[in-house]
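Right, one structure below, let's go through it.
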Amino acid sequence: MTHLKTKHRLLADKAMLWIVCLFATLTAVPLFAILGEVLLRGYDQLSWSFFTETTPTAYKAMKAIEAGEPIPGGIANGIIGTMIMLGMAAIVAVPTGILCGAFLAENPKNRFSQTVSYLTDLLQGTPSVIIGIVTYMWVVVPMKGYSAIAGSVALFVMMLPLIIRSTEETLKILPASLKEAGLALGGNRARVMLKVQLPAAFGGIFTGVLLAISRVIGETAPLMFTALGCSFIRFSIDKPISAVPLLIWEFFNDPNLQELIWGASLFLLLFVLTLNLTAKYLAKKWNQ
Amino acid sequence: MESVKPILEFNKTCVSYTKQTMAVKYVSAAIDRNTITAIMGPSGCGKSTLLRAANLMHELYPNIRVDGEILLNGENILSMEPVDVRRRIGMVFQRPAPFPTMSITDNVLAGYALNGIRLSKAEREETVERCLKSVALWDEVKDVLNKKGTFLSGGQQQRLCIARALAMKPDVLLMDEPTSALDPIATAHIEKLMQELQKEVTILIVTHNMGQAMRISSKSMFMYLGELVEYGDTATMFSTPKDERTKAYLTGRMG
């Protein structure tokens with residue numbers, strides 16, 4: 001009797017294991033399907049010139065298609081625009097986010113910080129298209145034109161809550177003994193934060209920043225209202241500028257440029273994956 | 001006459017976490033200069049709480065209230081700036097906590113960096129050597145001073161933390177079970193070290209280990225349920241405890 005029962009329990013255990021494995025595999029399917037699709041379609045287009053040349057005009061692309069040649073040009077204008085806007089957004093968002101996160105981690109019970117914390121959650125959940133339209137009202141309208149500045153303001157707003165959260169979480173999991181040891185030596189709270197806690201949390205914070213960048217690099221909606229797009233390489237920050245996700249949308253809308261969609265998508269996808277993997281690797285290394 | 005005057009004095013010190021419960025109840029005791037005083041008692045008796053109050057660690061946690069007085073050279077530290085108090089009263093914690101991002105040198109000098117005090121190169125070298133020598137760590141680490149402090153063994157890390165506290169030249173050194181996370185050899189090292197150190201600094205140590213209290217301290221406090229039950233010469237307390245509760249604890253019937 002007992003033997004039978006044991007057998008039954010072992011069987012149930014095995015069945016459960018299979019079910020769990022099945023569902024775990026199912027979550028990986030969409031990722032690999034997307035990766036496979038983009039890789040297969042975009043692989044051909046990746047070449048050196050794809051990264052160094054700007055978007056071709058519709059006319060040039062049409063000519064190339066008629067002659068049966070591959071479409072010339074690339075996405076250099078988009079890559080440079082993305083980098084400029086991300087860079088400007090990060091320069092402001094990283095210090096602001098770290099200071100804010102440090103404040104939240106240090107004063108978890110104060111009413112002000114609880115409010116700020118709640119607002120951070122709300123900001124993180126705000127649809128990006130709304131951030132785009134609001135930035136349009138705030139920056140594009142007063143400046144009388146689309147610009148890289150406006151785009152980076154939108155990206156800044158999207159990055160900020162992510163950096164605040166990751167800084168706060170990392171500081172909170174540091175052992176309390178570090179902070180106490182710093183204070184016991186007579187340091188004030190600001191110096192202990194700056195010289196002991198933040199350096200100890202560096203790995204986690206840096207990972208958070210990388211994840212925040214990879215999170216907003218593919219944002220398209222807010223840039224449509226702010227950066228607009230531009231078909232050539234531009235470094236001035238008060239003029240409309242291109243970005244890789246914007247280009248994908250432009251290619252989709254232009255029948256002559258559709259072949260470029262997949263190359264641009266593949267670049268964006270690989271870039272985000274690399275950032276994510278780097279972040280994971282750093283987090284692991286930091287935890288050791 | 002100077003040596004007769006106590007360096008640290010608890011005067012009806014009370015610590016409470018909530019309004020109803022007091023973790024430390026009306027403790028009064030005077031600590032003599034250049035001695036080692038042990039605080040003993042079962043878990044939760046308030047001994048660490050009392051020790052941490054002497055370093056104003058409770059300021060970090062707004063719900064903790066401290067009443068009464070704690071006098072350092074006759075001055076009530078409860079009404080002083082925490083930053084000033086902690087510069088004169090150092091603390092060593094249960095788990096060795098060298099700053100993980102700093103080298104051994106920087107760990108020793110961390111107190112200066114955290115206080116915004118700039119030292120010349122010669123002063124830095126002199127301080128590092130003096131402090132590491134006083135914790136008998138110099139010979140072991142003098143060739144790896146630029147390595148991270150976390151590479152050291154547990155006992156070495158704890159000695160580094162003591163050196164770090166000594167670098168600020170404190171009057172009093174508070175130690176919260178400094179050897180409970182260490183093996184017997186490292187423990188013996190640190191006990192020997194403490195006896196050397198009492199020439200320059202007054203040590204107040206919380207310990208679970210009765211043997212340790214007997215070996216190193218000249219005076220002992222026994223605390224139970226937040227009260228200071230007995231305070232006196234260690235040898236006398238161990239041989240002829242006055243209170244029934246002290247006796248029960250020392251003979252292993254309690255705690």
How about [atom1] on [X], more than 12 heavy atoms from neighbouring residues, nucleotides or ligands closer than 6.0 Å, or not?
X	atom1	value
A/Tyr281	OH	no
A/Gln114	CD	yes
A/Trp138	CH2	no
B/Glu126	CD	yes
B/Tyr61	OH	yes
B/Arg130	CZ	yes
A/Arg215	CZ	no
A/Lys172	NZ	yes

Of all heavy-atom pairs between [X] and [Y], which one has the smallest distance, and what is that distance?
X	Y	value
A/Leu178	B/Pro100	CD2-CD, 3.5 Å
A/Ala184	B/Asn55	CB-ND2, 3.4 Å
B/Ala97	A/Ala181	O-CB, 4.3 Å

Take A/Leu183 and B/Met57 through the test side chain to side chain contact (heavy atoms under 4.5 Å, CB included) and record every step on the way to the result. CA-CA 8 Å; A/Leu183 291 170; B/Met57 267 304 148; 4.2 Å; yes

Chain A contact via [X] - side chain, backbone, both or neither, heavy atoms under 4.5 Å:
X	answer
B/Arg164	both
B/Pro62	neither
B/Asn115	both
B/Leu174	neither
B/Phe99	both

So which of [options] has the biggest tally of heavy-atom pairs under 4.5 Å with chain A?
options	result
B/Ala110, B/Gly90, B/Pro82, B/Ala113	B/Ala113
B/Cys161, B/Gly116, B/Ala165, B/Pro170	B/Gly116
B/Met102, B/Arg52, B/Arg87, B/Arg95	B/Arg52

As an exercise, state the distance from CE of A/Met193 to CG of B/Leu114, rounded to the nearest 0.5 Å. 12.5 Å

Rounded to the nearest 0.5 angstrom, the CG-CD distance for B/Asp176 and A/Glu180 is 9.5 Å

Need one label for A/Lys179: side chain, backbone, both or neither, based on atoms under 4.5 Å from any heavy atom in chain B. side chain

